[in-house]
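Worksheet: one structure, shown below.
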Amino acid sequence: MQLTVSAQRGAVVVAPAGRIDHASAEAFATALQPHLDRCRAGAEALIVDMSGVDYISSVGLRALMVAAKQAEAQAGRIAIAALSPMVREVFEISRFDMVFRIYRSLDDALASEGAGG
Amino acid sequence: MKVRFWGTRGSIPVSLTAPQIRRKLIAALSGSVGRSLDTSEAIERYVDEELGFDVRGTFGGHSSCVELDTGGAEHVVFDMGSGARPLGQSFLQRYGAGAPQTYHVFMSHVHWDHIMGFPFFAPVYIPGNRIVIHGCHAVLEEAFRRQQAAPSFPVDFSQLAATIEFDRLEPGKPHAIAGLAITPKLQRHEGDSYGYRVQAQGKSLVYTTDSEHKVGDVDERAAFIEFFRDADVVIFDAMYALADAISVKADWGHSSNIVGVELCQAARVRCLCMYHHEPAYDDQRIAQVLQETRRFEEITRDGHRLEVISAYDGLELDL
Ligand SMILES: [Zn+2]
Ligand SMILES: [Zn+2]
């Protein structure tokens, strides 16, 4: 599981790539954890850029649910950006579109969640 | 072999309401505008071919009860939810009161929605009938007796005319009953529940309801894939959406359509039959979930096509 991390316009952007499935979900969760720990009240927003993800299974979604819960408990901000059309459908069918704020593009996410957004 | 569904609703029976029927009528009549429906054939064709099942029909409201018609002399039923009442009527119509029958009932567990139909299952009142209630719970007999004890019901269990036996099954091993090889499996549910895998006549059926799957539990997943392996039909508790099943409704003891598809895909199942429908869902919502689940199967398909259907009261499947 590749997780690219960057600071952009007052937000932390994490970008997983490939499939988030039974083989890779744990690695994804582990890589996400330190950024999640810093996602607290007053901190920069954490944006998960999903543009590089072409498949996500229930275990991958569970990792995102755990992330949403932790961010909420810490009063931090977390959002999802740039779902591929297929992953977007999976989010809708699993009702994960109700769990996160979802932006069409990373640009949209940064405009709303980044500094000054 | 045939599978007949007599009760497909989860947790509690529900019935259609007047406003819901009104909505169906308005939808049907609105769709008929401009069509020449001036013969009964044209009307029937319109209803059967043009209207969605959620408009022309209903998924129904009885709680869990499924019949497996093996074609043999002894009858096989899974769970005794409120669907057991129409099932009992159907048995009486088929065999009359004068021909004693043997019924094998396999119980997933003894939560109320799965036993409530038993006092209304007409064969229990007919002398000469033999009813064997199979299950893995130590409290099996107590649960059946207690629901008919005063002051909860007017007829005590001891007054039932049929011969009623209880048979404690050991999970994890096949049992030869009514011409079937039937294997119970422990499932995650408050007070435990058991799924059943049936092998007979070269076919396999899995009845797995009131079963929560902990997403991320590798061993549990592997065990269920093995239990479902190459089954013709898996009747699966798909009560919730995944996001609910693993958050607000975690530990409520039920599963989701997403996990059902994933497990059945991995086990190379032929047909996933969604079951134990959420009582808060109307027909439109269940039809929508079915459509979405078919789409999910399609976009995640990996070389194996899984047929996805949604159980309804009255559905009959050929195995
Ligand atoms: Zn139930
Ligand atoms: Zn239950």
Side-chain angles (χ1 to χ4, degrees), chain A residues 1 16 18-33 36 48 50-74 76 78-80 82-102, chain B residues 212-225 236 238-251 254-267 272 274 278 280-281 285-303 306 308 310:
Chain A
M1 169 54 53
R19 297 165 63 88
I20 310 181
D21 58 13
H22 289 85
S24 60
E26 209 174 302
F28 168 62
T30 307
L32 189 61
Q33 196 58 51
L36 205 50
V48 185
M50 295 282 284
S51 57
V53 174
D54 47 29
Y55 175 85
I56 187 163
S57 75
S58 57
V59 232
L61 290 166
R62 180 176 168 273
L64 288 174
M65 178 64 81
V66 170
K69 293 246 140 112
Q70 186 180 341
E72 188 189 10
Q74 297 172 173
I78 185 167
I80 301 270
L83 294 170
S84 73
M86 185 265 204
V87 175
R88 164 106 223 169
E89 278 193 81
V90 173
F91 266 64
E92 286 166 1
I93 294 168
S94 59
R95 307 287 180 258
F96 267 71
D97 56 340
M98 320 284 267
V99 177
F100 289 96
R101 288 189 300 285
I102 297 175
Chain B
E212 180 165 354
H213 296 271
K214 277 282 173 246
V215 173
D217 185 327
V218 177
D219 295 342
E220 183 191 280
R221 175 182 145 85
F224 273 97
I225 291 172
F236 185 89
M239 194 169 180
Y240 302 138
L242 179 68
D244 292 332
I246 64 173
S247 61
V248 283
K249 293 174 183 171
D251 303 321
H254 302 284
S255 191
S256 65
N257 54 343
I258 299 270
V259 168
V261 169
E262 288 183 351
L263 289 174
C264 287
Q265 282 173 331
L272 163 65
M274 295 191 288
E278 161 68 53
Y281 288 1
R285 180 76 183 272
I286 298 174
Q288 184 200 339
V289 170
L290 173 60
Q291 194 187 357
E292 290 175 340
T293 311
R294 285 177 170 161
R295 176 67 183 153
F296 178 74
E297 184 279 330
E298 189 185 348
I299 59 182
T300 58
R301 193 180 297 164
D302 182 17
L306 170 70
V308 180
S310 202

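Here the structure is a predicted model, which is why all the values come from computation and not from measurement.
With values rounded to the nearest 0.5 angstrom, B:Ile246 atom CD1 is found 9.0 Å from A:Leu64 atom CG. To the nearest 0.5 Å, atoms CZ (A:Arg62) and CG (B:Asp217) are separated by 9.5 Å.
Between A:His22 and B:Val218, every side-chain heavy-atom pair lies at or beyond the 4.5 Å cut-off.
The 12-atom threshold is not exceeded at CD of A:Glu26, counting heavy atoms of other residues, nucleotides or ligands nearer than 6.0 Å. For CD of A:Gln33, the number of neighbouring non-hydrogen atoms (other residues, nucleotides, ligands) closer than 6.0 Å is greater than 12. Enclosure of atom CD in A:Glu92 by more than 12 non-hydrogen atoms of other residues, nucleotides or ligands within 6.0 angstrom is indicated.
Taking both residues in full, the closest heavy atoms of A:Met65 and B:Ala243 are given as CE-O, 3.3 Å, listed atom of the first, atom of the second, then distance. In this structure, B:Ala241 and A:Ser94 approach most closely via the heavy-atom pair CB-O, 4.1 Å.
Interface summary for chain A: among B:Thr300, B:Thr293, B:Ile299, B:Asn257, the most heavy-atom pairs under 4.5 angstrom belong to B:Ile299. Heavy-atom pairs under 4.5 Å with chain B were tallied for A:Val59, A:Leu61, A:Ile93; the largest tally goes to A:Ile93. Ranked by heavy-atom pairs under 4.5 Å with chain B, the list A:Phe96, A:Tyr55, A:Phe91 is led by A:Phe96.
Contact annotation for B:Val215: both backbone and side-chain heavy atoms come within less than 4.5 Å of a heavy atom of chain A. With a 4.5 Å cut-off on non-hydrogen atoms, A:Met86 touches chain B through its backbone and its side chain both. Neither the backbone nor the side chain of B:Ser256 comes within contact range of chain A, judged by heavy atoms closer than 4.5 Å. For B:Ile258, the part sitting under 4.5 Å from any heavy atom of chain A is the side chain, from C-beta outward, and nothing else.
B:Glu262 places a side-chain N or O within donor-acceptor distance of the main-chain N or O of A:Ser58, the cut-off being under 3.5 Å.
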